[in-house]
Amino acid sequence: MFSWHYSARKEFLMTEKMPFLDQVENKETFFRRVSCLFPTLDYRYKLIEEAYADAKDAFRGKKRESGERYFEHLRAVALILMEYLRIKDHELIIVALLHDIVEDCPDWTIDRVAVKYGERVALLVEWMSKPSVEEFDGDKNERNQMYHGRFESAPREFFLIKLSDRLHNLITMWKCTKDKKRRKIAETKEHYLPYAEKHLILLHELEYALKDLETE
């Protein structure tokens, strides 16, 4: 049984199957985990180090609705990928750290990501990024329809990161309004669960997270 528990005092997730999300995490502990995959002088370790620094710098001062630093979310998605899904591909770990950087940080473009981290990383970051709402004359619904519509042709690697991202979003919504929770529940059921089932990625975890939100 996948069990979620919340603490109003601590305001962070406690899990049975993902205890790493409830532990005090910092750069040292994160890279201790990375060093289990690559030696510190390996180019893959160094690229993850650069992505970690770039993400932390790009989101410096930004917070989520929960009140935590935005960077904590990026690191948590990378941890789900490494620790729970057992992904060892350094480029996927880099994408996890950078997955919101183009959408949310004007200084970062797809081209900039490609120059620094290569075309594969840049392409996956582009898959992760919603286009600017200005491209749709401010219509967020139309923008979201386009974004979710292209899931049908997205590669499986995208869903490893996207579903980890969605799971962490769902389990950290305790300060969001009931209306937003309802919208995210409906969106997840319509656009995310079918692909979680198709690709066998975090299906039960997402279902339990949704059940938890629905019973709040």
Side-chain angles (χ1 to χ4, degrees), residues 2-4 12-23 25 29-31 33-34 36-37 47-48 51-52 54-56 58-59 64-66 68-104 113 117 120-130 147-148 150-151 154-174 176 184-185 187-213:
F2 197 90
S3 175
W4 306 105
F12 56 75
L13 175 68
M14 298 176 65
T15 75
E16 291 178 358
K17 288 196 173 183
M18 296 186 186
F20 53 87
L21 291 181
D22 186 37
Q23 296 166 357
E25 197 73 24
T29 59
F30 182 84
F31 281 97
R33 300 176 191 279
V34 176
C36 293
L37 303 177
L47 281 173
I48 294 172
Y52 187 102
D54 282 339
K56 192 170 185 179
F59 285 89
R64 305 178 78 214
E65 286 185 62
S66 60
E68 68 179 356
R69 293 186 308 161
Y70 199 94
F71 179 74
E72 303 299 333
H73 165 66
L74 306 175
R75 185 166 56 197
V77 174
L79 284 169
I80 293 172
L81 213 65
M82 289 192 300
E83 296 294 309
Y84 193 70
L85 295 178
R86 300 297 183 184
I87 298 299
K88 297 177 174 60
D89 186 324
H90 75 288
E91 290 187 324
L92 296 188
I93 297 167
I94 288 170
V95 175
L97 290 166
L98 301 179
H99 73 267
D100 282 333
I101 203 167
V102 169
E103 184 177 328
D104 294 340
V113 174
Y117 295 103
R120 181 181 176 227
V121 169
L123 178 58
L124 285 169
V125 171
E126 188 170 20
W127 274 109
M128 292 291 297
S129 305
K130 291 181 181 179
Y147 180 70
H148 293 134
R150 69 186 188 191
F151 282 13
R156 187 175 189 274
E157 290 174 332
F158 160 77
F159 290 106
L160 287 168
I161 303 158
K162 189 62 190 178
L163 295 174
S164 297
D165 172 45
R166 175 52 53 127
L167 178 62
H168 189 254
N169 283 332
L170 290 176
I171 60 182
T172 53
M173 291 190 71
W174 58 87
C176 296
K184 289 298 181 183
I185 288 169
E187 183 182 74
T188 302
K189 287 181 176 180
E190 180 177 0
H191 299 294
Y192 292 81
L193 282 187
Y195 292 101
E197 183 172 13
K198 177 181 178 180
H199 295 289
L200 301 176
I201 300 170
L202 296 173
L203 174 61
H204 298 302
E205 292 81 355
L206 286 164
E207 288 177 334
Y208 283 124
L210 289 171
K211 183 178 180 180
D212 189 73
L213 277 178

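Values below: all heavy atoms of this structure, side chains included; hydrogens, waters and symmetry mates excluded.
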Least distance between heavy atoms, Ile161 atom then Ala96 atom: CG2-CA, 4.1 Å
Whether Phe151 and Tyr192 hold their rings parallel, tilted or perpendicular, with breakpoints at 30° and 60°: perpendicular
Ion pair check, Glu25 and Arg75, cut-off under 4.0 Å: no
Pairwise distance CE(Met82) to OG(Ser164) - rounded to 0.5 angstrom: 11.0 Å
Short N-O contact, Arg64 and Glu72, less than 4.0 angstrom: no
Exam field: side chain Arg33 to backbone Leu79, donor-acceptor pair closer than 3.5 Å: no
Heavy-atom closest contact (Ala55 atom, Leu97 atom, distance): CB-O, 3.4 Å
Under 3.5 Å, side-chain donor or acceptor atoms of residues 122-130 against the rest of the protein: list the pairs with distances, not counting sequence neighbours.
{"unit_1": "Ser129", "atom_1": "OG", "unit_2": "Val125", "atom_2": "O", "d": "2.7"}
{"unit_1": "Lys130", "atom_1": "NZ", "unit_2": "Asn144", "atom_2": "OD1", "d": "3.1"}

Interatomic distance, Phe159 atom CZ to His199 atom NE2 [nearest 0.5 angstrom]: 4.5 Å
Pairing residues for Lys198 by the side-chain contact (heavy atoms from CB on, under 4.5 Å) criterion, not counting sequence neighbours: Tyr195
Close side-chain approach of Ile80 to Asp165, heavy-atom, < 4.5 Å: no
Nearest-0.5 Å distance that lies between atom CZ in Phe20 and atom OG1 in Thr29: 12.0 Å
Approximate separation, where rounding is to 0.5 Å, of Arg86 CZ and Leu37 CG: 9.5 Å
Approximate separation, where rounding is to 0.5 Å, of Leu206 CG and Lys189 NZ: 12.0 Å
CD (Glu103) with more than 12 external heavy atoms under 6.0 Å: yes
Distance, nearest 0.5 Å, that separates OG1 of Thr188 from CG of Leu163: 9.5 Å
